[in-house]
Structures are given as structure tokens and as C-alpha cells.
Amino acid sequence: MPALQPARGTQDLLPEAARRHRRVIETARDMAALYGFAEIATPIFEFTEVFARPIGEHTDIVSKEMYNFTDRGGEEVTLRPENTAGVVRAVLSNGLTQSTPLKFFYSGPMFRYERPQKGRFRQFHQIGVELLGVPQPQADIEVIALGQRILVALGIADRVTLELNTLGDPASRAAYREALVGYFSARVSELSEDSRRRLERNPLRILDSKDPGDQRLNSEAPDFAAYLNDASRDFFARVSDGLDRLGVAYRRNPRLVRGLDYYTHTAFEFVTTDLGAQGTVIGGGRYDGLVELMGGPAMAGVGWAAGIERLALLIAEPPAPARPIALVPIGEAAEARALALAEQLRDQGLVVDLGYSGNIARRMRRADRIGARAAVLLGDDELARGAATLRDFDSGDQSEVALDALAARLTALGR
RNA sequence: GCGGGUGUAGCUCAGGUGGUUAGAGCGCCAGAUUGUGGAUCUGGAGGCCGUGGGUUCAAGUCCCAUCACUCGCCCCA
């Protein structure tokens, strides 16, 4: 075991992993741009109340998972556990509420103090979108369609299914919550220990319990559909119809609920069975009460966040970077010449790697190991003639090439 | 916070019931080949056996603790 370890739940993104992350981010950013979402970057830490109030004091995120601390000036700050609250804060701070609709895309690290497991970390990365100021279901439909499009572009749409539910408006939700509490309160003795706690804090959560006993009770629990008022039922129907018209497949999951308090109406998750216990790859929904809760005007909002690590685990290996050309100088005069030649070749857009030290064989071996397309040997004899020896690593062919023709020859080699 | 599994070389792993200098494959270094990579052959380096304590004549092996990793629960992306 090495003496130096990364902090629990953090990890180094070595080049291959970093490439996978970058592919996820760039794909998502490009697709979001097609829908008119502009990239935004907010700080990775905020005053603690930015997260504590909207997310809900009694949620696990706030009560035990936040990285919060007092800074040197005595301010209570928190590393962001998610980014919706941060984006809304930025909207309010910058007075953007006048220019709705607002469409934002973001990516970056998030922090939650929890036990790491497969696809779950203390520092993890999310991409996400927020669409603010549009109360109509078209917003929900477009945001979901964007998620689907990203999965398609990443080549993993067939391994992921969209689950869809509605939480109704606040009135519907409150009525249903009351009915649920009544139902489960009469059967507390049959509930699992976890669900007894949920009954106090977040009764809707009992619905997606993994406990078999809870699931038996759930099968006879009140149905949310019966408690939806007309407006809520109509809203959900319009979202569903819109997805149908776009050919976005989904599965209605009446047990799908949200942990965060500010969600209303549409709730959805893109889930997979390929990641162990962490099935959710994209999660989101509508949060019409959030902006007002944070001190702004009444403003609708809908969005989602996706875990980059989880998506990166699902995608195929991204294309390898361009293969370099290795320059192998022989002798001190050639050494100096090689640096200048490397710059000239890079001016032509070629990827150039210098053999830094060792004898010829060693430099050639290193060039081969890094996957070089070809080596250019610079020896005194050739240089005196204004030429170099070009060795094609794929064919093994070798020939002398005039220096002023080198860039063209190398470009012609291709990848 | 709770439960299960695993910690031996850079990586992947062997090391019945305790017994002498702890092994393999891959990788790395060197030579065969001092102006030529890959393939082959030969040689070499590299191990507080996670850490601390205990039992024993003797511990990689048994016991306890601890740390880390990992899978799951809670929760969530």
C-alpha cells in the first residue's frame, strides 16, 4: 500500500478516465446547445444557507452529507452537494429573473460525505441543465428529450430506460401525503425500521423501499393518481403526450419519488441495471417552488442532473488521441535542431513527441510504446544533407526525406 | 451511521492443517543488437506479506484491534 492515498471517496482521473469524462461532458454540452442551453459556471462552494434551506433541513443531504465548514472569516460555507440551488442563486444574484426563459447547462464537481461504493463518490461530477421561467409542460418535454438525445449520442440509450411520474402540485401532494401517512400509521408495526423513520420525515419515500415487507404494504397503499387534482392530472397528461409524440419511450413508475423537497409535478429518472445499486444515471424534475423559496419571484423551473462517473462507466472507449510523430535526434547538434524542427512540425498541426534521453534503441522503444505513427531520425549525416530518416512504424519502411518535405510526408501518413 | 467481502512486487494473483533464503505471469531495466522500435532468448532490479498488538520455539498463515479498498443498506447522480 502506498503511503500517500487520496482522501476517501476521491479519485484521480488518469488520462484514460479523463478522456471518458471529457467525452461525456462535450457530448452533453453540444446536445444542450442544440436546444439553446448556454453554459454557466457557478462556484463550487456557497454560503451554507443556499443549500440548506431549499434542499430541506431534514433530508440526509443536509443533515449528514454536506461538506460544510467555517472559513477563516467566520462564514459558514458548504461545498455544493448539487447545483440547482447554486444556479438559482446565480440567477437571483445577477438579476436575471427579468429575462426569462433561462436555459443553462453546467458541469463540474459536487461533494457529498457518504460511504463510497460502485458509481458513488464523495467528490463526483455532474452535468445538468436548468430551464427557468416556463410553467408549460413543453419545458418538461424538451428537457427530457435532451436527456434522451445525450444518451443516444453517447451510444448507451439502449441500456437505459426512462421512468416517469408526477408528484402533482403542492395541493395534490399534500393531500396524498396525508393519505399515505394515514395508511402507514395504521400499520406501523409492519413497517421496516427505515420506513418508520421515513414516515416521520418523508413518507413518499416508503413507496420505493427495497424492503420486501414494505413492498407488500405498498401494493395496497393509496394510489397517487386518485389524489391528483384536475390541473395536476392534465399537466402530467400533456407531458406524457408530448413524449409520445416525440417517440421518447418511458415507463410510468408510480413509486418514483424525489428526495428533495422542492420538486413538483414531473419527476423522472433514466435508469440502468448495469451499475449495481446505483441505477440512476440522470435524475430530475420540475421545481416550481424553488425560486420563490430562495427569495426570488414565483418562477417555474425544470431540470436534471446526471452523474458523469456513471455515464463514463457505461460508454464505449472513446477514440484514442492522434498518434504522435517521434523525433529521435542522434548527437548533440541534432538535439538542438530537433527542438526547432518539432515546433515547425507542430505549426503544421502534427503531434510531435521528442525522444528525451537514452541511446537510439531506447528512444525508438519509447516511441513505439507511446504508439507513435512514425519516427524521424536526425543524424549528422542526414542533417548535413538537409534531410532526415523517416521510419514508418506500421510498415517498417524507412527512407531519407528532405527536411522541407518532411511535414507533407508525415501528414500524408495519416493516423 | 450500519452489514458482508478483500488487503502478498508497479499490475493481476499463487502461497493445504504455522516451519528455514516468499513465488508466478505481465510490466520495468540490461545484454544478445553501442545509427533503429515491435518478436525471441538470456540475465537483473523490485516485497516493514496494509498497520499495531497478542499466542507460539517459530506467524504471510492463528487471535484481537485498527486503517484502507470493495459490495450492499440508508440516501442519491
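Labels below follow one simple rule: chain letters A, B, ... track the order of the sequence lines, proteins then strands, and each chain is numbered from 1.
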Practice problem: Treat a base pair as Watson-Crick or G-U wobble with both distances under 3.5 Å, then lay out RNA chain B in dot-bracket form, 5' to 3', with | for cross-strand pairs. | Solution: (((((((..((((.....[...)))).(((((.......))))).....(((((..]....))))))))))))....
Classify [X] by what it touches in the nucleic acid, base, sugar-phosphate, or nothing, heavy-atom distance under 4.0 Å.
X: A:Ala305; answer: sugar-phosphate
X: A:Leu377; answer: base
X: A:Asn359; answer: nothing
X: A:Arg363; answer: nothing
X: A:Arg365; answer: sugar-phosphate
X: A:Glu269; answer: nothing
X: A:Gly128; answer: nothing
X: A:Tyr113; answer: nothing
X: A:Gly119; answer: base

Measure from [atom1] on [X] to [atom2] on [N] and round the result to the nearest Å.
X: A:Arg112; N: B:C75; atom1: CZ; atom2: C1'; value: 9 Å
X: A:Gln117; N: B:G4; atom1: CD; atom2: C1'; value: 13 Å
X: A:Asp214; N: B:C75; atom1: CG; atom2: P; value: 10 Å
X: A:Arg120; N: B:C76; atom1: CZ; atom2: C1'; value: 5 Å
X: A:Ile330; N: B:U36; atom1: CD1; atom2: C1'; value: 8 Å
X: A:Arg197; N: B:C2; atom1: CZ; atom2: C1'; value: 11 Å
X: A:Asn202; N: B:C76; atom1: CG; atom2: C1'; value: 13 Å
X: A:Arg122; N: B:U70; atom1: CZ; atom2: P; value: 11 Å

Practice problem: Tell me whether the OP1 or OP2 atom of B:G72 has a side-chain N or O from A:Lys118 closer than 4.0 Å. | Solution: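 For B:G72, neither OP1 nor OP2 has a side-chain N or O of A:Lys118 closer than 4.0 Å.
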Quiz item: A:Ile360 or A:Phe270: which one's nearest nucleotide on RNA chain B is closer to the 5' end?
Solution: A:Ile360
Exercise. Please tell me which of A:Asp208 and A:Leu378 maps to the more 5' nucleotide of RNA chain B, matching each residue to the nucleotide holding its nearest heavy atom.
Key: A:Leu378
Quiz item: Think A:Arg122 forms a cation-pi with A:Tyr113, using NZ or CZ under 6.0 Å from the six-ring centre and within 45 degrees of its axis?
Solution: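 The answer is yes, since A:Arg122 meets both limits relative to A:Tyr113.
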Base of [N], side chain of [X] - is there a donor-acceptor contact under 3.5 Å?
X: A:Arg366; N: B:G37; value: no
X: A:Glu382; N: B:G35; value: yes
X: A:Arg310; N: B:C76; value: yes
X: A:Asp368; N: B:G38; value: no

Practice problem: May I ask you to say whether A:Asp194 pairs ionically with A:Arg197, meaning some side-chain N is under 4.0 Å from a carboxylate O? | Solution: yes
Quiz item: Salt-bridged, A:Glu309 to A:Arg120, with N to O below 4.0 Å?
Solution: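 Answer for the salt bridge query: no.
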Quiz item: Where the side chain of A:Arg8 is concerned, which of B:G35, B:G72, B:A68 is the nearest nucleotide?
Solution: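 Of all the options, the side chain of A:Arg8 is nearest to B:A68.
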Quiz item: Which nucleotide in the set B:C2, B:G35, B:U36 lies at the smallest distance from any side-chain heavy atom of A:Arg115?
Solution: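 Minimum distance to the A:Arg115 side chain belongs to B:C2.
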Exercise. Provide the distance between the two P atoms, one in B:U61 and one in B:C49, to the nearest whole Å.
Key: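 Their P atoms lie roughly 10 Å apart.
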Quiz item: Are side-chain N/O atoms of A:Ser192 and A:Asp214 paired as donor and acceptor at under 3.5 Å?
Solution: yes
Practice problem: Begin from the C-alpha positions of A:Asp394 and A:Arg373 and carry the test salt bridge (Lys or Arg N to Asp or Glu O under 4.0 Å) through to its verdict. | Solution: CA-CA 7 Å; A:Asp394 286 357; A:Arg373 177 66 184 83; 3.5 Å; yes
Practice problem: Tell me whether the centres of the aromatic rings in A:Phe105 and A:Phe37 are closer together than 6.0 Å. | Solution: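 No.
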Quiz prompt | Donor-acceptor contact present, side-chain A:Arg310 to main-chain A:Ala306, <3.5 Å | solution = no
Quiz prompt | Euclidean distance, A:Leu354 CG relative to A:Glu335 CD, rounded to 0.5 Å | solution =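 Going from the CD atom of A:Glu335 to the CG atom of A:Leu354 covers 8.5 Å.
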Practice problem: Look at the aromatic rings of A:Tyr176 and A:Phe224 and report parallel, tilted or perpendicular, splitting at 30° and 60°. | Solution: parallel
